[in-house]
Amino acid sequence: MTGYEVKQCLETMKILVDTREQPTFAYKTRLKSMGVPSERRKLDFGDYTASCTLLNGKEYSLEKTVCVERKMSFDEICNCYCQQRKRFAKEFERAKTSGAKVYLLVENATWESAYNGNYRSRMKPQALVASLTAWLARYNCQLIFCKSETTGKLIKELLYRELKERLENEEINV
């Protein structure tokens, strides 16, 4: 694809949102901050991914190759690693089987908070850090911490860059 063709395709980018994401006020604010259209769709893994329309009118989707799994806090991810570990691991196994890259985005979190136990859970800091780093080693996973007000912009930017890289570097029939 030429640079001009890539630019045209990227202008049609939309965010695909898993149907299990609850349409709360924060969710609506997050989508609005992305500044691109969105579509709710059942995703096999992750909460967010992206697609665009190729010049031939066909959809090109990152659905099977890249996703963002968003957690609102360490409290939520501790629950995923403890009570819901089996379900959470299955989701990441599906992504791994697809060869997908997963961005695990945790809002309102830092490594310092993890190590110091600054969250509401009975999960010990050592266990939380071990689970987080095990996920990085076990799955094709990138761990990102940010404030909740940054989440929408960051999700859009990550998916935009992933889409752009693939359009520029893969053999895609436009």
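Computed from a predicted structure; not experimentally measured.
Note that the CG atom of Leu163 and the NZ atom of Lys156 stand 11.0 Å from one another [nearest 0.5 Å]. A distance of 7.5 Å separates SG of Cys146 from CG of Asn108, quoted to the nearest 0.5 Å. Once rounded to the nearest 0.5 Å, the distance linking NZ of Lys164 with NZ of Lys7 reads 11.5 Å. With rounding to the nearest 0.5 Å, the separation of OG1 in Thr65 from CG in Asn140 is 10.5 Å. Glu59 CD to Thr12 OG1: the interatomic distance, rounded to the nearest 0.5 Å, is 9.0 Å. To the nearest 0.5 Å, the span separating CD on Glu107 from NZ on Lys71 amounts to 11.0 Å.
Contact detail for Val17 and Ser38: the closest heavy-atom pair is CG2-CB, 4.3 Å. Residues Leu136 and Cys141 come closest through the heavy atom pair CD2-O, 3.5 Å. Phe145 and Ala109 make their closest contact through CB-O, 3.0 Å (heavy atoms, listed as atom of the first residue, atom of the second, distance). Of all the heavy atoms in Ala50 and Met13, the pair that sits closest is CB-CE, 4.0 Å. For Arg87 against Cys80, the heavy-atom pair with the smallest separation is NH2-SG, 3.9 Å. Among all heavy-atom pairs drawn from Asn56 and Lys58, the shortest one is OD1-N, 2.9 Å.
Atom CZ of Arg120 sits in a sparse spot, with 12 or fewer heavy atoms from other residues, nucleotides or ligands closer than 6.0 Å. In this structure, Arg122 places its CZ atom where only 12 or fewer heavy-atom neighbours from other residues, nucleotides or ligands lie under 6.0 Å away. The neighbour count for Lys32 NZ, taken as heavy atoms of other residues, nucleotides or ligands under 6.0 Å away, does not exceed 12. Crowding of Gln126 atom CD: a count of heavy atoms from other residues, nucleotides or ligands under 6.0 Å not exceeding 12.
Within the 4.5 Å cutoff, the side chain of Tyr115 has no heavy atoms near those of the Glu112 side chain. Contact check for Tyr48 versus Tyr103: no side-chain heavy atoms found under the 4.5 Å cut-off. No side-chain heavy atom of Val68 sits under 4.5 Å from any side-chain heavy atom of Leu154. Contact check for Cys52 versus Leu167: side-chain heavy atoms found under the 4.5 Å cut-off. Under the 4.5 Å side-chain criterion, counting only non-hydrogen atoms from C-beta, Leu104 is in contact with Phe92. The shortest distance between side-chain heavy atoms of Trp111 and Leu132 falls below 4.5 Å. Taking the side chain as every heavy atom from C-beta outward, Ser131 and Met123 approach each other to under 4.5 Å. With a 4.5 Å cut-off on side-chain heavy atoms, Ser61 and Leu16 count as touching.
The main-chain N or O of Phe45 is never found under 3.5 Å from a side-chain atom of Arg94 such that the two would form a donor-acceptor pair. Proximity of a side-chain donor or acceptor of Thr133 to a complementary backbone N or O of Val129 within less than 3.5 Å is detected. The main-chain N or O of Leu43 is found under 3.5 Å from a side-chain atom of Asp18 such that the two form a donor-acceptor pair. Under a 3.5 Å cut-off, the side chain of Glu76 and the backbone N or O of Met72 do form a donor-acceptor pair. Without hydrogens or angle criteria, Thr49 side chain to Cys67 main chain gives no donor-acceptor distance under 3.5 Å. The backbone N or O of Gln142 sits nowhere less than 3.5 Å from a side-chain atom of Lys101 that would complete a donor-acceptor pair. Using a distance-only test at 3.5 Å, with no hydrogens or angles considered, a donor-acceptor pair links the side chain of Thr151 to the main chain of Ser148. Using modelled atom types, no side-chain atom of Gln84 and backbone atom of Cys82 make a donor-acceptor pair closer than 3.5 Å. Between the side chain of Glu168 and the backbone N or O of Gly3 there is no donor-acceptor pair closer than 3.5 Å.
Ring-centre distance between Phe74 and Tyr81: not below the 6.0 Å cut-off.
In the hydrophobic cluster analysis, where Ile, Leu, Val, Met, Phe, Trp and Tyr join through side-chain heavy atoms closer than 4.5 angstrom, Met34 is grouped together with Leu10. In this structure, Ile77 is not a member of the same hydrophobic cluster as Ile155, with clusters built from ILVMFWY side-chain heavy atoms closer than 4.5 Å. Taking hydrophobic clusters as Ile, Leu, Val, Met, Phe, Trp and Tyr residues chained together by side-chain heavy-atom distances below 4.5 Å, Leu62 shares a cluster with Ile144. Linking Ile, Leu, Val, Met, Phe, Trp and Tyr whenever their side-chain heavy atoms come within less than 4.5 Å puts Val102 and Tyr139 in one cluster. Val106 is not connected to Leu159 by any chain of hydrophobic side-chain contacts under 4.5 Å among Ile, Leu, Val, Met, Phe, Trp and Tyr, and they are in different clusters.
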inquiry  = With side-chain contact (heavy atoms from CB on, under 4.5 Å) as the criterion, how do Ser121 and Asn79 come out once you've worked through the C-alpha distance, each side chain's angles and the decisive distance to 0.1 Å?
reply    = CA-CA 8 Å; Ser121 171; Asn79 186 46; over 6 Å; no

request  = Output, in order, the C-alpha distance, side-chain angles, deciding distance and verdict of side-chain contact (heavy atoms from CB on, under 4.5 Å) for Trp135 and Glu69.
outcome  = CA-CA 12 Å; Trp135 246 242; Glu69 175 70 25; over 6 Å; no

Met1/Gln8 under side-chain contact (heavy atoms from CB on, under 4.5 Å): CA gap, chis, key distance, verdict = CA-CA 11 Å; Met1 269 189 171; Gln8 281 187 294; over 6 Å; no

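A salt bridge links Glu21 with Arg30: at least one charged nitrogen is closer than 4.0 Å to a carboxylate oxygen. Under 4.0 Å is where a charged nitrogen must lie from a carboxylate oxygen, and between Lys153 and Glu157 no such pair does.
Side-chain contact annotation: Glu165 with Asn169, donor-acceptor N/O pair under 3.5 Å present.
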